[in-house]
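If you're wondering where the values come from, they're calculated on a predicted model, not measured in any experiment.
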Amino acid sequence: QVRLVESGGGLVQAGGSLRLSCAASGRPASNSAWGWFRQAPGKEREYVAIIAWTSGIPYYANFVKGRFTISRDNAKNTMYLQMNDLEPADTAAYYCAAQGKSTAPSTFDYWGQGTQVTVSS
């Protein structure tokens, strides 16, 4: 069984930065994707970024526009999302997920509990 725990959310002003972390206990399959997703009230969960765990190759949603960076530390079984130049539209609960096959949330086997990011204008 794999358990994911996110941390690092909070309240920040527009233009500010936050770094989210996702620590895994257990061992997700290494030849899979890990990812960050977000969900705002009344909206569907959407893909933010994913990273191929073995190669480290990242993929980003178009709205990221170079503001976010996804990374991972294999030795620590931890994934990160550095978010810069935050906008009010980025306000959402952010979820990490592991052992996925694509950018679709339905392909991921494990999910964290979520961490709230609120960006004030």
**Student:** How about Ile70 and Met79: do any of their side-chain heavy atoms sit closer than 4.5 Å?
**Tutor:**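 Counting from C-beta outward, Ile70 and Met79 do come under 4.5 Å.
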**Student:** Looking at side-chain heavy atoms only, is the closest gap between Leu86 and Gln13 below 4.5 Å?
**Tutor:**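 In short, these two side chains do not touch, never coming nearer than 4.5 Å.
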**Student:** Output yes when Asp85 and Lys65 qualify as a salt bridge under the 4.0 Å nitrogen-oxygen rule, no when they do not.
**Tutor:**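 Answer for the salt bridge query: no.
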**Student:** For Trp111 and Phe37, take the angle between the two ring planes, folded into 0 to 90°, and tell me which bin it lands in: parallel under 30, tilted 30 to 60, perpendicular over 60.
**Tutor:**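 Ring orientation of Trp111 relative to Phe37: tilted.
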**Student:** Check for me whether Arg45 meets the cation-pi criterion with Phe108, that is, NZ or CZ under 6.0 Å from the six-membered ring centre and within 45 degrees of the ring axis.
**Tutor:**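 Verdict for Phe108: no cation-pi partner in Arg45.
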**Student:** Please report the shortest heavy-atom distance between Gly100 and Ser32, naming the atom on each side.
**Tutor:**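 Closest heavy-atom pair between Gly100 and Ser32: O-CB, 3.6 Å.
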**Student:** In the structure I gave you, are the side-chain heavy atoms of Trp53 and Asn77 within less than 4.5 Å of one another anywhere?
**Tutor:**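 Side-chain contact under 4.5 Å: yes.
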**Student:** Please name the pair of heavy atoms, one in Asn84 and one in Ser17, separated by the smallest distance, quoted to 0.1 Å.
**Tutor:**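 In terms of heavy atoms, the two residues are closest at OD1-OG, 2.9 Å.
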**Student:** Using a 4.5 Å cut-off on heavy atoms from C-beta on, say whether the side chain of Leu20 contacts that of Met83.
**Tutor:**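 SC-SC contact between Met83 and Leu20 confirmed.
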**Student:** Please answer: with hydrophobic residues joined when any side-chain heavy atoms are less than 4.5 Å apart, are Val5 and Val117 in the same cluster?
**Tutor:**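 Not linked; separate clusters.
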**Student:** If every non-hydrogen atom of Ser121 is compared with every non-hydrogen atom of Ala14, which pair is closest and at what distance?
**Tutor:**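 Taking Ser121 first and Ala14 second, the nearest heavy atoms are CA-CB, 4.3 Å.
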**Student:** Using the rule that two of Ile, Leu, Val, Met, Phe, Trp, Tyr join whenever any of their side-chain heavy atoms come within less than 4.5 Å, decide whether Leu81 and Trp34 are in one cluster.
**Tutor:**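 The answer is yes; both residues are in one hydrophobic cluster.
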**Student:** Please name the pair of heavy atoms, one in Gly8 and one in Leu18, separated by the smallest distance, quoted to 0.1 Å.
**Tutor:**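 What the structure gives for the nearest pair is O-CD2, 3.8 Å.
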**Student:** Could you check whether any side-chain N or O of Thr115 sits under 3.5 Å from a backbone N or O of Tyr94, counting only pairs where one atom can act as donor and the other as acceptor?
**Tutor:**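 Side chain of Thr115 to backbone of Tyr94, a donor-acceptor pair under 3.5 Å: no, none is there.
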**Student:** What residues form a side chain to side chain contact (heavy atoms under 4.5 Å, CB included) with Thr54, not counting sequence neighbours?
**Tutor:**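 Partners of Thr54 under the side chain to side chain contact (heavy atoms under 4.5 Å, CB included) test: Ser30.
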**Student:** Does one hydrophobic cluster hold both Tyr95 and Ile50, with members joined at side-chain heavy-atom distances below 4.5 Å?
**Tutor:**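 Per the 4.5 Å side-chain linkage, Tyr95 and Ile50 are co-clustered.
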**Student:** Kindly give the heavy-atom pair with the smallest separation between Leu4 and Gln113, and that separation in Å.
**Tutor:**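 Looking at all heavy atoms of both residues, the shortest contact is O-OE1, 3.6 Å.
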**Student:** Answer yes or no: is there a side-chain heavy-atom contact under 4.5 Å between Thr69 and Tyr80?
**Tutor:**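 Result no, sub-4.5 Å side-chain heavy-atom pair not found.
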**Student:** Arg38 and salt bridge (Lys or Arg N to Asp or Glu O under 4.0 Å): which partner among Glu46, Glu6, Glu44?
**Tutor:**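 It is Glu46, the one option of Glu46, Glu6, Glu44 that forms the salt bridge (Lys or Arg N to Asp or Glu O under 4.0 Å) with Arg38.
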**Student:** Would you call Tyr60 and Thr103 a side-chain contact if the rule is heavy atoms closer than 4.5 Å?
**Tutor:**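 When only atoms from C-beta onward are counted, Thr103 and Tyr60 do not touch, as no gap falls below 4.5 Å.
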**Student:** Evaluate the side-chain contact (heavy atoms from CB on, under 4.5 Å) criterion for residues Ser102 and Tyr47: first the C-alpha distance (whole Å), next the side-chain angles of each, then the deciding distance (0.1 Å), finally the verdict.
**Tutor:** CA-CA 10 Å; Ser102 74; Tyr47 145 70; over 6 Å; no
**Student:** Rounded to the nearest 0.5 Å, how far apart are CD1 of Ile51 and CH2 of Trp36?
**Tutor:**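 The CD1 atom of Ile51 sits 11.5 Å away from the CH2 atom of Trp36.
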